[in-house]
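One structure is given here, and the rest of the page talks about it.
Worth knowing before you read on, the calculation uses all heavy atoms, side chains too, and leaves out hydrogens, waters and symmetry mates. Numbering of ligands and ligand atoms starts at 1, following listing order. Residue numbers run from 1 in the order of the sequence given.
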Amino acid sequence: MAGQTEVLIVGAGPVGLTLANELARYGVAFRIVDQAAQRTDKSKALVLWSRTLELFDRAGYVDTFLAAGMKGHGAQITTGDETIAQISLDAIDSPYPYALMIPQSETERILEERLAKHGVTVERSVTLERFSEREGGFDAVLRKASGETETVPARWLAGCDGAHSTVRHGLGLAFEGTTEPSDWYLADGHISGLEPQDLLHIFWHKDGILAFFPIVGGRWRVVADVGPAQGEGRRPDPTLEDVQALMTARGSKAVITDPYWLASFRINERKVAHYGRGRAFLAGDAAHVHSPAGGQGMNTGMQDAFNLAWKLALVIRGICKPALLDSYSIERSAVGDMVLRNASRMTEAAVMRNPIAQGLRNAVARFALGFPQLQHHAANTLAEVDIAYPDSPLTAGKSHGGKGRKAGDRWRGSLPADDSTPRFIAIGPAEAVSGLQARFPQLIQAVPAKEAVDAGALSLVRPDGYVGFAGAASDGEAAAAYLQALAAQ
Ligand SMILES: Cc1cc2nc3c(=O)[nH]c(=O)nc-3n(C[C@H](O)[C@H](O)[C@H](O)COP(=O)(O)OP(=O)(O)OC[C@H]3O[C@@H](n4cnc5c(N)ncnc54)[C@H](O)[C@@H]3O)c2cc1C
């Protein structure tokens, strides 16, 4: 039996790798294992949305993603003959007002290489078989490719092990939901004849949806629903000719060649009610799966990981009480519910077959998306920049400022560079800020006075950029009480 590790991360997909990088940045000891011999070579999740990019910015390596992807500036929806809507992403409330198009294989490569810079290697061909709970942690049984097993004592367990999660099964948590009764084709290849190349092209054809997503280097992803599910299993994977025939039949003049990946799939919509139990947590597909409409699955999972990491680090380092971690499931489960609802609505709209319903859908979309404000709202929702935690136990106080300064909101102003300890940023009158810093040096990040000054309000911004406490300039004592409630001593 090897020595105890603080955190065992099971699964090195995008979510486990994000968590690992955050914990490494915060100096927490962990191991990360994956049953696969290699990381994926598939493009799977293609979009990094604005909010995820903001979080990678705070983590210090957003530029690596930007260099490897291309900016998607919007989408156009047509019926094949007529344009229903042009949606612009340029007005998303973020320094990253676009969808960064980047194959998941590249996202994982960047994350794994970043982890290597911290001196951490993913332990591959290592499978979590089972685990048992004991006082203060778990004993996890890992099986290596050689067939040998190792029992690892870990104080915390992070199940980032995807839709069939062993951790979720081991905890006995139900994955409630359904499998949608329709079949889909997916193709990833080179496409000519689609312009402009920085837009998503969506055809709401009467026979079903056909969507094209740009990837770097003239590559595109094609997704199409091919009708009601037939039988129990999914359809056989399509051939290139099947995909080309479908594209032509649905009114596209584009031509696809050189496929990287051809697959059929079905959509599952499932979620756990609680993102873990005790010292074990679930994040990403282990906790929620849904339709790829909106491209939010991986983004939501990565944001689970960002949310969990700073809380785990503060508890493991003995700075905060373990109760801080109770907010993880409450906050992320509410986001998961919302993402599932939105993705389900988008999918329902896409797969309509009834001509009257289709006509109504097209008219409503044409009308609603004609209003810049509604478009702006839709783009912010997709980009996940309007996620907030109004009902979290970590949210306190009343707003004394403008938009983005309400407790629970994402802080919309600029924030000073993050450091290697997760800390709150106090923003308010200089005297109040320095008073809080002096009383809670481990919880308040030292911020240059000119950046921290806000004459009328006092805010405590969490390490992940959400407002935890919002008060008036004179609410220094209430802010101190907020921090005292979190602090271990
Ligand atoms: C065909 C397809 C298309 C998709 N398109 C999109 C899209 O357009 N947009 C979008 O947002 N999402 C899309 N997704 C979903 C996206 O890929 C997932 O949301 C994302 O991969 C979730 O990341 P994760 O890290 O939670 O899980 P995963 O990527 O599933 O990673 C889990 C990891 O855990 C490992 N593992 C599992 N069990 C064990 C165990 N017992 N022991 C050790 N290791 C284990 C696995 O090997 C795997 O590497 C798509 C998925 C598929 C399959």
Side-chain angles (χ1 to χ4, degrees), residues 8-20 31-49 52 72 99-105 107-108 111-112 122-131 140-145 149 152 157-170 184-188 200 211-215 220-223 234 237 260-268 270 275 281-305 308 332 336 339-340 343 346-347 382 384:
L8 176 65
I9 303 177
V10 186
V15 175
L17 287 169
T18 301
L19 180 63
R31 289 175 64 177
I32 175 166
V33 300
D34 199 296
Q35 67 188 11
Q38 284 157 347
R39 62 173 179 258
T40 187
D41 61 354
K42 301 285 187 293
S43 56
K44 294 196 219 169
L46 275 184
V47 180
L48 282 179
W49 279 113
T52 312
L100 187 75
M101 309 304 296
I102 175 170
Q104 186 170 322
S105 47
T107 297
E108 291 188 21
L111 288 167
E112 197 167 348
V122 175
E123 298 174 45
R124 295 206 170 270
S125 302
V126 176
T127 303
L128 172 74
E129 280 205 341
R130 60 183 184 279
F131 60 91
V141 179
L142 303 180
R143 182 169 296 278
K144 301 181 183 172
T149 59
V152 176
L157 190 59
C160 305
D161 46 350
H164 303 287
S165 171
T166 304
V167 176
R168 189 186 66 236
H169 286 297
W184 293 74
Y185 281 169
L186 172 157
D188 174 351
L200 279 62
F212 296 90
F213 304 85
I215 318 179
W220 291 75
R221 158 80 55 78
V222 187
V223 172
R234 56 187 180 86
D237 290 342
Y260 289 81
W261 188 26
L262 297 161
S264 75
F265 67 97
R266 283 201 185 152
I267 294 172
N268 277 287
R270 295 178 190 278
Y275 282 31
F281 303 93
L282 298 173
D285 277 19
H288 47 82
V289 291
H290 52 80
S291 139
Q296 289 175 315
M298 183 185 72
N299 286 268
T300 305
M302 288 169 141
Q303 291 176 39
D304 294 340
L308 180 59
R332 296 311 298 173
V339 170
L340 250 78
M346 279 187 265
T347 312
L382 283 172
E384 300 198 315

In terms of residue, atom name and distance, what is the protein heavy atom nearest to [atom]?
atom                    : value
atom 41 (N) of ligand 1 : T166 OG1, 2.9 Å
atom 1 (C) of ligand 1  : W261 CH2, 3.4 Å
atom 3 (C) of ligand 1  : L186 CD1, 3.9 Å
atom 43 (C) of ligand 1 : Q35 N, 3.3 Å
atom 37 (C) of ligand 1 : D161 O, 3.2 Å
atom 15 (C) of ligand 1 : D285 OD2, 4.4 Å
atom 27 (O) of ligand 1 : G162 CA, 3.7 Å
atom 14 (N) of ligand 1 : A45 N, 4.2 Å

Option of least heavy-atom distance to [atom] (set: [options]):
atom                    : options               : answer
atom 20 (C) of ligand 1 : E123, R168, Q104, K44 : Q104
atom 23 (O) of ligand 1 : P14, G13, S125, S264  : P14
atom 48 (C) of ligand 1 : L128, V223, D34       : D34

Geometric N/O contact A283 with ligand 1, under 3.5 angstrom: no
Sub-3.5 Å N/O-N/O distance, A12 and ligand 1: no
Looking only at heavy atoms of [X], does any of them come nearer than 4.0 Å to an atom of ligand 1?
X    : answer
W49  : no
C160 : yes
V126 : yes

Taking the side chain as everything from C-beta on, heavy atoms only, tell me whether [X] gets closer than 4.5 Å to [Y].
X    : Y    : value
M298 : L48  : yes
P214 : L46  : no
M302 : L111 : yes
P292 : V223 : no

T52 versus E384, side-chain donor and acceptor atoms under 3.5 Å: no
Residues in salt bridge (Lys or Arg N to Asp or Glu O under 4.0 Å) contact with R332, at least two apart in sequence or another chain: D304
Location of contacts on V289 toward ligand 1, heavy atoms closer than 4.0 Å: neither
Salt bridge flag under 4.0 Å for residues E108 and K44: no
